[in-house]
Amino acid sequence: MVIYNTLTKKKEEFQPINPPNVTMYSCGPTVYDYFHIGNARTFIMSDIIRRYLEYKGYKVTYVQNLTDIDDKIIKKSIEEKISTEQVAEKYIKAFFEDIKKMNVKVATKYPKATEHIQEMIEIIKKLEAKGVAYNKDGNVFYDVSKFPEYGKLSGKVIDELESGARVEVNDEKNNPLDFSLWKKAKEGEPSWDSPWGKGRPGWHIECSAMNLKHLGVTTDIHAGGNDLIFPHHENEIAQSEMANEKTFVNYWIHFGFLNIRKEKMSKSLGNFFTAREVFSKYPFGVIRLFFSQSHYRGPLDYDDELLSAAGKGLEKINNLVYELKKQIEKSDDNCYSPNINIDDYKKTFENAMDDDFNTPQAVATIFDFVRDINKELSSNNKISKTFVGDSINFLKNTAQHVLGIIDLEKEDKSEDIELVEDLINILTSIRKKAKAEKLYAFADDIRDRLNEIGVILQDGKNGTEFKIKRKS
RNA sequence: GGCGGCGUUGCCAAGUGGUUUAAGGCGAAGGUCUGCAAAACCUUUAUUCAUCGGUUCGAAUCCGAUCGCCGCCUCCA
């Protein structure tokens, strides 16, 4: 399996430090607001990578942090006249609701910044002792010039950054590129005691601390959006590698942006949709399929037309799932067994995913499979039970467990459903009589009205079948 | 100004030296099935990969130039 590593700008063979264990860190949200659908893309693609590693048999420790103290949270708490804790609590709750809707697997741990203040202080102390950090009246900064490899992730050169047009001016820093490790508390702000006085941590230090505590000195995989490469991840490397004197992360994975009309979706541009709006409009399978149909590193345009195209595609997969589930009940192993080797599809799927998580190709394999199975289904009445079972398992292992676009268990029948089915059967038998007497208008009326409430009637060779259209 | 990415059919999107006269999805056209539909299946839908040059026996894939689009360098997934 190869992974494209931002650090080396190359695809590299994936070699975990301690197989079959894999440690993976995914940059989580700052909980000051609902996250948008662009954030959702990185959370979902990160989830798919994690799921595929598990599919491959790795034991993944997957950590996603929650940034629950920072400038934006403080700003929000002032605006809403509530505490920063209350702001964080509200949006952490929303975060969990949202990722559940997105069918994102729960991480091993969701550490919070405010629960790691002591660990952060320890790292800063180390950096200070090594002369890499300096204290200016209670503000502690990292001296970028002391880390010779600064810029190795982003490909930036310190000298050129300094002459650039957009470097922040801050009189307290020795060098404009130096960044905050510890921020001195301002009047009324939440703060913690530290050797440098009351204050709160800078943004980057939390990830260094949580990685160290929950995943160890060197992490196998660290993932996040493209915009975190610089300065966030660059700074994490600088802090961690200076403090620990070991490689911080072996494989850096970065996700492309979700754009709107070719422009980056962002809070500041105001061109965003929250994940919760989008996920209440489309089922998770549609959105996850949409994301899976393009590569994680590339940009992707958000567009309702494209979402509904993905919806049609998903329906195709779900139709087959429905058909297979029906078949398995009535078939046995005396039935015809198609000359199709499901392992071939499995291999193709794995080859695609092994190549830097090429989900578009993996999805293409699933569609090939769907077409080929449908072909068998349309030319043969009954397929052997083993084959149907294997087909279901293929879809379960790929589309469900790895991509998370379908859910085979979801349709488990309840008693109410049985009653509904009996009622529909009564209606279809009445309709059958009407058709026999060529009362087509009457028959169509039954079909149309059932269709309106989501019950689809389909007349086939063996009589009328029905399916209940799933809402999500 | 520095750094990086991208430009493939009507739309989305894989492919990055020969197995590709370019996968898959959506759309469109025709057909099978049907009382009519729906679903499903079959056929068709890029001799061409922004443009122009070059390297090579061979390029969408490598090199150079040009045009266009986007991102990072400030919080940002």
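Only this structure's heavy atoms are used, side chains among them; waters, hydrogens and symmetry mates stay out. Only a predicted model underlies this, so the values are computations on that prediction, with no experimental measurement involved. Chain identifiers are assigned alphabetically (A, B, ...) following the order of the sequence lines, protein sequences preceding nucleic acid strands; residue numbering begins at 1 within each chain.
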For [N], which nucleotide is its Watson-Crick or G-U wobble mate, given both distances must be under 3.5 Å?
{"N": "B/C26", "answer": "B/G10"}
{"N": "B/U66", "answer": "B/A50"}
{"N": "B/C41", "answer": "B/G31"}
{"N": "B/U61", "answer": "none"}
{"N": "B/C3", "answer": "B/G71"}
{"N": "B/U19", "answer": "none"}

Ignoring hydrogens and geometry beyond distance, is the side chain of [X] in donor-acceptor contact with the base of [N] at under 3.5 Å?
{"X": "A/K375", "N": "B/C42", "value": "no"}
{"X": "A/R447", "N": "B/A37", "value": "yes"}
{"X": "A/D444", "N": "B/G35", "value": "yes"}
{"X": "A/D459", "N": "B/C36", "value": "yes"}

Look at the side chain of [X] and decide which nucleotide, out of [options], has an atom nearest to it.
{"X": "A/L228", "options": "B/C41, B/C73, B/A77", "answer": "B/A77"}
{"X": "A/S378", "options": "B/C41, B/C75, B/A39", "answer": "B/C41"}
{"X": "A/T30", "options": "B/G24, B/C75, B/A77", "answer": "B/A77"}

Under 4.0 Å between any heavy atoms, over every strand shown, what does [X] touch: base, sugar-phosphate, or nothing? Just pick one.
{"X": "A/A309", "answer": "sugar-phosphate"}
{"X": "A/K262", "answer": "sugar-phosphate"}
{"X": "A/L289", "answer": "nothing"}
{"X": "A/E323", "answer": "nothing"}
{"X": "A/F257", "answer": "base"}
{"X": "A/N358", "answer": "sugar-phosphate"}
{"X": "A/H36", "answer": "base"}
{"X": "A/G256", "answer": "base"}
{"X": "A/K267", "answer": "nothing"}
{"X": "A/K467", "answer": "nothing"}
{"X": "A/Y440", "answer": "base"}

Centroid separation [X] to [Y] less than 6.0 Å:
{"X": "A/Y110", "Y": "A/F96", "value": "yes"}
{"X": "A/H233", "Y": "A/H204", "value": "no"}
{"X": "A/F141", "Y": "A/F179", "value": "no"}
{"X": "A/H254", "Y": "A/H222", "value": "no"}
{"X": "A/F290", "Y": "A/Y282", "value": "no"}
{"X": "A/Y91", "Y": "A/Y34", "value": "yes"}

Do any of residues 37-49 of chain A sit with a heavy atom less than 4.0 Å from RNA chain B, and if so which?
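A/G38, A/N39, A/T42, in order of number.
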Side-chain donor-acceptor pairs of residues 306-316 of chain A under 3.5 Å, sequence neighbours excluded:
residue : atom : partner : partner atom : Å
A/S308  : OG   : A/D304  : O            : 3.4
A/S308  : OG   : A/E305  : O            : 3.1

Between [M] and [N], how far apart are the [atom1] atoms? Round to whole Å, please.
{"N": "B/G24", "M": "B/A14", "atom1": "P", "result": "15 Å"}
{"N": "B/A39", "M": "B/A22", "atom1": "C1'", "result": "30 Å"}
{"N": "B/A23", "M": "B/U66", "atom1": "P", "result": "34 Å"}
{"N": "B/A46", "M": "B/C11", "atom1": "C1'", "result": "14 Å"}

Between A/Y296 and A/Q458, whichever has its closest RNA chain B nucleotide further toward 5' is A/Y296
Does the Lys NZ or Arg CZ of A/K101 fall within the cation-pi geometry relative to A/F279 - under 6.0 Å from the ring centre and within 45° of the axis?
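Judged by the rule, A/K101 and A/F279 form no cation-pi pair.
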Is the shortest side-chain N/O distance from A/K264 to OP1 or OP2 of B/C72 below 4.0 Å?
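Indeed, a polar side-chain atom of A/K264 lies that close.
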Take atom CZ of A/R371 as the centre, draw a 6.0 Å sphere, and report whether it contains more than 12 heavy atoms from other residues, nucleotides or ligands.
yes
